[in-house]
Amino acid sequence: MKMTNIVNGPDNVSRIIMGCMRMPALSVDEAAGMIKTAHELGINFFDHATCYGDGEAEKRFGDALPLTGIRREDIFIQSKCGLHFDRQEFDWSRDDILMCVDEILERLQMDYLDALLLHRPDLLFDPEEVAEAFDKLHTSGKVRYFGVSNTTPGQLELLRKYVKQPILFNQLQLSIEQSQLIDGGLYLNNMTTDMSINRDYGVLDYCRLHDITIQAWSPLQFGMFGGCFIDHPDFPELNAALQKLADKYGVSKTAIAIAWILKHPARMQAIAGTMNPDHLREFCDASKVDLTHNEWYELYLASGKFLP
């Protein structure tokens, strides 16, 4: 497993994260098996959110972890708050953040979170309220580190003006097919393609400049929720390129697609959302692959992009 040290944060965390969104579909024993499999594969980083199964993912994890024999201090657990689909709003208010953390810890049956991420921007967020909540959580020992998801450079600047703790993570969508996070600047001033439209405000470069680790979500997806491009008939050229490199390196196409993300010098993490042990193993095989510069570009072009 490829590991990384987070600037201003924890050392020796896995670059592949196990995303627990689908864990409610498992029994407690099955969830314990998935957690143990992930740990055996070298994953020590687990991602949750209050909206995953309306809290059921955290509860299932909390019930399952004691069955695995894994010590709490040997893993890194983060959760996200702010999405309230039940009341159709996003909420980064001080009181809601504090309430959510207490509820998260109760469901996980834990005393602290390693990291809390704010989950998609609240259009009404007050950075001073966020700062108050973070101070209280950090001082009390309930949360060690903090981050965000799907947040722009301007929003990050606003938070960093008031929040004392470093913002360590920004969870953003990225895959070979959904590559605008990486390649937006490539099409600068190119009026012949929609790829020149600024869709991410330069957030990748901002995060690199400010030591914010990007966590790539839906790393095998096309579109926002279009599905997986692996073996999808709409992506024959990409799958052929993936298969060619999979044969070369003795891994699956999934592993090559994740290795493409891990190759980037921003040292991103990639979130594996599967609850299938075999698929998780394929995902983790990405750590065995170091794509060349040329191979990275071969995959990029095979996904339907072009070099201007």
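All values below come from the heavy atoms of this structure, side chains included, with hydrogens, waters and symmetry mates left out. Sequence positions, counted from 1, serve as the residue numbers for this chain.
Every residue two or more places apart in sequence or in another chain that forms a side-chain contact (heavy atoms from CB on, under 4.5 Å) with Glu103 is listed here: Met99, Arg107. Considering only residues two or more places apart in sequence or on other chains, Thr152 meets the side-chain contact (heavy atoms from CB on, under 4.5 Å) condition with Gln155, Tyr201. Not counting sequence neighbours, the partners of Arg144 by the side-chain contact (heavy atoms from CB on, under 4.5 Å) test are Tyr112, Asp114. When the side-chain hydrogen bond (donor to acceptor under 3.5 Å, both in side chains) test is applied to Lys305, the partners found at least two apart in sequence or on another chain are Ser179, Ser303.
Within the structure, ring pair (Phe, Tyr, Trp, His ring centres under 6.0 Å) pairs that include any residue of residues 75-104 comprise Phe45-Phe76, Trp92-Phe125 (at least two apart or interchain). Listed by first and then second residue, the side chain to side chain donor-acceptor pair (under 3.5 Å) pairs that reach into residues 218-238 are Asp231-Lys253, sequence neighbours excluded. Among pairs with a residue in residues 242-271, those fulfilling ring pair (Phe, Tyr, Trp, His ring centres under 6.0 Å) read Trp260-Trp296, at least two apart in sequence or across chains.
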- prompt: What do the steps show when you test Asn150 against Gln173 for side-chain hydrogen bond (donor to acceptor under 3.5 Å, both in side chains), and what is the final call?
  reply: CA-CA 8 Å; Asn150 305 288; Gln173 185 178 17; over 6 Å; no
message: The test is side-chain hydrogen bond (donor to acceptor under 3.5 Å, both in side chains); show your working for Gln243 and Asp247 and say whether it passes.
response: CA-CA 6 Å; Gln243 188 63 63; Asp247 292 341; 2.9 Å; yes
Pairs under 3.5 angstrom only: tabulate donor-acceptor contacts from the side chains of residues 202-209 to other protein residues two or more places apart or in another chain.
{"from": "Tyr206", "atom 1": "OH", "to": "Glu157", "atom 2": "OE2", "distance (Å)": "2.6"}
{"from": "Tyr206", "atom 1": "OH", "to": "Arg160", "atom 2": "NH1", "distance (Å)": "3.2"}

Identify all side-chain donor-acceptor contacts of residues 130-137 below 3.5 Å with residues at least two apart in sequence or on another chain.
{"from": "Glu132", "atom 1": "OE1", "to": "Arg94", "atom 2": "NE", "distance (Å)": "3.4"}
{"from": "Asp135", "atom 1": "OD1", "to": "Gln165", "atom 2": "NE2", "distance (Å)": "3.0"}

All N/O donor-acceptor pairs, side-chain side in residues 280-288, below 3.5 Å, sequence neighbours left out:
{"from": "Arg281", "atom 1": "NH1", "to": "Asp278", "atom 2": "OD1", "distance (Å)": "2.9"}
{"from": "Asp285", "atom 1": "OD1", "to": "Lys288", "atom 2": "NZ", "distance (Å)": "3.0"}
{"from": "Ser287", "atom 1": "OG", "to": "Lys2", "atom 2": "N", "distance (Å)": "3.1"}

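A salt bridge links Glu295 to Lys248: at least one charged side-chain nitrogen sits closer than 4.0 Å to a carboxylate oxygen.
The number of heavy atoms from other shown groups lying within 6.0 Å of CG (Asp54) does not exceed 12. A 6.0 Å sphere centred on NZ of Lys36 holds no more than 12 heavy atoms belonging to other residues, nucleotides or ligands. No more than 12 heavy-atom neighbours from other residues, nucleotides or ligands sit within 6.0 angstrom of CG on Asp111.
When ring centroids are compared, Tyr297 and His293 come within the 6.0 Å threshold.
When Asp96, Asp91, Asp95 are each tested for a side-chain hydrogen bond (donor to acceptor under 3.5 Å, both in side chains) with Ser93, only one passes: Asp91.
Counting side-chain heavy-atom gaps under 4.5 Å among Ile, Leu, Val, Met, Phe, Trp and Tyr, Val7 is found in no cluster with other residues. The hydrophobic cluster of Leu124 has no other members, since no ILVMFWY side-chain heavy atom comes under 4.5 Å of it.
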